[in-house]
Amino acid sequence: MASNTATMGNLPSGVGICTTIPDILYLPELIFGGLVWILVACTLVVPANPQGWVMFVSVFCFVMTFIWMVVFACGGHHNKGSWAAADFVYHGIAAFFYLSASVALARVTLEMKDGTNFQNYQLDISAVVFSYVATLLYFIHTILSAIRWKSF
């Protein structure tokens, strides 16, 4: 009987990252992070500082998650425990970054409520929702990576 979880002490590689937990979360993290990136880039950046942070977080996490996924798919981790720990640390940092960006974006969006540009307001609402979904995905990935790291 096939299992959808990685064997204790093994890091998946190749197509295995598409079938094991927590690695199956790479694609949803990329999709929702990319949506945040696109939606914030489509809006008028006012005020610049909080939305600049949101753009940094979404682009940084998108690029790093893609690189991380490619390293795992190519087997660059060589099934070492240090990579399991690094996976846990990276996703923890990403979850924290996305949480801070989500809160900042939500605050800016609430301030835009009475603004004149309704289209930017709607785009920002969508970006806030997707940002919190990305935060949740990274948080779940962090917890599952911690469990995998402890079992290594």
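- In this structure, W83 and F72 have perpendicular ring planes: the angle between them is above 60°, well past the 30° mark.
- F130 pairs with exactly one of I125, T135, L39 by the side chain to side chain contact (heavy atoms under 4.5 Å, CB included) rule, that one being L39.
- The shortest non-hydrogen separation linking V40 to A127 is CG2-CB, 3.8 Å.
- The cluster map of Ile, Leu, Val, Met, Phe, Trp and Tyr, joined by side-chain heavy atoms under 4.5 Å apart, puts V63 and V54 in the same cluster.
- Ring planes of W68 and H91: perpendicular class, angle over 60° (limits at 30 and 60°).
- To the nearest 0.5 Å, atom CG of residue L144 and atom CD1 of residue I24 are 11.5 Å apart.
- Looking at E29 and C61, their side chains never come closer than 4.5 Å, going by heavy atoms from C-beta outward.
- For the atom pair CD1 (I143) and CZ (R148), the distance works out to 14.0 Å, reported to the nearest 0.5 Å.
- In this structure, the side chains of H141 and Y26 come closer than 4.5 Å at one or more pairs of heavy atoms.
- Using a 4.5 Å heavy-atom cutoff, the side chains of L136 and Y132 are not in contact.
- Within a 6.0 Å radius of OH in Y90, other residues, nucleotides and ligands contribute more than 12 heavy atoms.
- Y138 has its side chain within reach of T65: a pair of non-hydrogen atoms, C-beta onward, lies under 4.5 Å apart.
- If you chain together hydrophobic residues whose side chains sit under 4.5 Å apart, L137 and I31 fall into the same group.
- Side chain of S131 to main chain of V36: no donor-acceptor pair is present (N/O by atom type, distance under 3.5 Å, no hydrogens or angles).
- When side chains are defined from C-beta on, M69 does not count as touching D23, because their heavy atoms never get closer than 4.5 Å.
- I147 CD1 to I21 CD1: the interatomic distance, rounded to the nearest 0.5 Å, is 10.0 Å.
- Surrounding OH of Y121 are more than 12 heavy atoms belonging to other residues, nucleotides or ligands, all under 6.0 Å away.
- By the criterion of side-chain heavy atoms lying less than 4.5 angstrom apart, applied directly or through intervening Ile, Leu, Val, Met, Phe, Trp or Tyr residues, V128 is not grouped with L110; the two fall into different hydrophobic clusters.
- Note that CG of D124 is 4.0 Å distant from OG1 of T109, once rounded to the nearest 0.5 Å.
- Note on M55 and I38: separate hydrophobic clusters, where clusters join Ile, Leu, Val, Met, Phe, Trp and Tyr whose side-chain heavy atoms are under 4.5 Å apart, directly or indirectly.
- D87 and W149 share no side-chain donor-acceptor pair at under 3.5 Å.
- Scanning for side chain to side chain donor-acceptor pair (under 3.5 Å) contacts around S100 gives W53, with sequence neighbours left out.
- Hydrophobic clustering of Ile, Leu, Val, Met, Phe, Trp and Tyr side chains at less than 4.5 Å, counting indirect connections, unites L27 with I67.
- Taken from CZ in F32 to CG in L25, the straight-line distance is 11.0 Å, to the nearest 0.5 Å.
- Nearest heavy atom pair, residue S58 against residue G33, reads CB-O, 4.0 Å.
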